[in-house]
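Heads up: the structure comes next, in structure tokens.
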Amino acid sequence: MKNLIKHIAFLFAAVLLGNPVWAQEKLPAKQFSDKIRATPNAFILDVRTPAEVNRSYIKNAVFMDIHDSLFEKRIARIDKKLPVFVYCAIGVRS
């Protein structure tokens, strides 16, 4: 219950402070690619596993394994002024 209250408080604060977390879109691969090309200052975050990254990756993407114990600390360091594009293998983790 405490976690739920904290989560609700965070969301309420985010709305009041105008947090851009609400500007989210789930895009098909082609639109995602087009939008990245049209956003030169974008931060591209790859949250796939190392095995998935070894198969292929988007140029200039920053890899952060979502299963890594330091994941939350690492994403907290992302510049919040930049547009962030997050991707994974099938769209669930991102």
Side-chain angles (χ1 to χ4, degrees):
M1 184 66 169
K2 282 185 178 181
N3 285 338
L4 177 61
I5 292 170
K6 285 181 184 178
H7 187 68
I8 291 170
F10 169 78
L11 292 175
F12 184 70
V15 169
L16 287 178
L17 298 173
N19 189 326
V21 72
W22 299 110
Q24 297 178 17
E25 293 179 74
K26 185 172 182 175
L27 301 170
K30 173 72 170 116
Q31 286 180 322
F32 185 83
S33 176
D34 291 345
K35 204 158 196 174
I36 287 172
R37 280 192 213 104
T39 312
N41 62 337
F43 184 92
I44 306 165
L45 177 59
D46 182 341
V47 295
R48 298 174 303 149
T49 65
E52 292 166 330
V53 172
N54 285 336
R55 282 183 245 148
S56 67
Y57 59 91
I58 295 176
K59 183 180 177 182
N60 300 321
V62 175
F63 166 67
M64 293 185 196
D65 184 353
I66 196 168
H67 301 295
D68 187 312
S69 62
L70 298 174
F71 179 76
E72 288 187 31
K73 286 184 180 183
R74 290 183 176 142
I75 63 167
R77 294 183 192 137
I78 297 172
D79 184 347
K80 290 158 186 61
K81 294 175 186 167
L82 296 176
V84 178
F85 291 82
V86 183
Y87 75 101
C88 64
I90 59 173
V92 176
R93 290 169 279 181
S94 59

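Just so we're clear, the structure is a prediction, and the values are computed from it rather than from any experiment.
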Does Asp46 form a side-chain contact (heavy atoms from CB on, under 4.5 Å) with Tyr87? I'd like the steps, not just the answer.
CA-CA 5 Å; Asp46 182 341; Tyr87 75 101; 2.9 Å; yes
What's the shortest heavy-atom distance between [X] and [Y], and which atoms?
| X | Y | answer |
| --- | --- | --- |
| Asp68 | Leu70 | OD1-N, 2.7 Å |
| Phe71 | Asp65 | CD1-O, 3.4 Å |
| Lys80 | Ala76 | NZ-O, 2.9 Å |
| Thr39 | Lys35 | OG1-O, 2.7 Å |

Atom pair CD1/CG of Ile66 and Leu45 - distance to nearest 0.5 Å:
8.5 Å
Can you tell me how far the CZ atom of Phe43 sits from the CG atom of Leu82, to the nearest 0.5 Å?
8.0 Å
Side-chain donor or acceptor of Lys73 paired with backbone N/O of Ser69 under 3.5 Å:
no
In residues 56-64, what donor-acceptor pairs under 3.5 Å come from side-chain atoms, sequence neighbours left out?
none

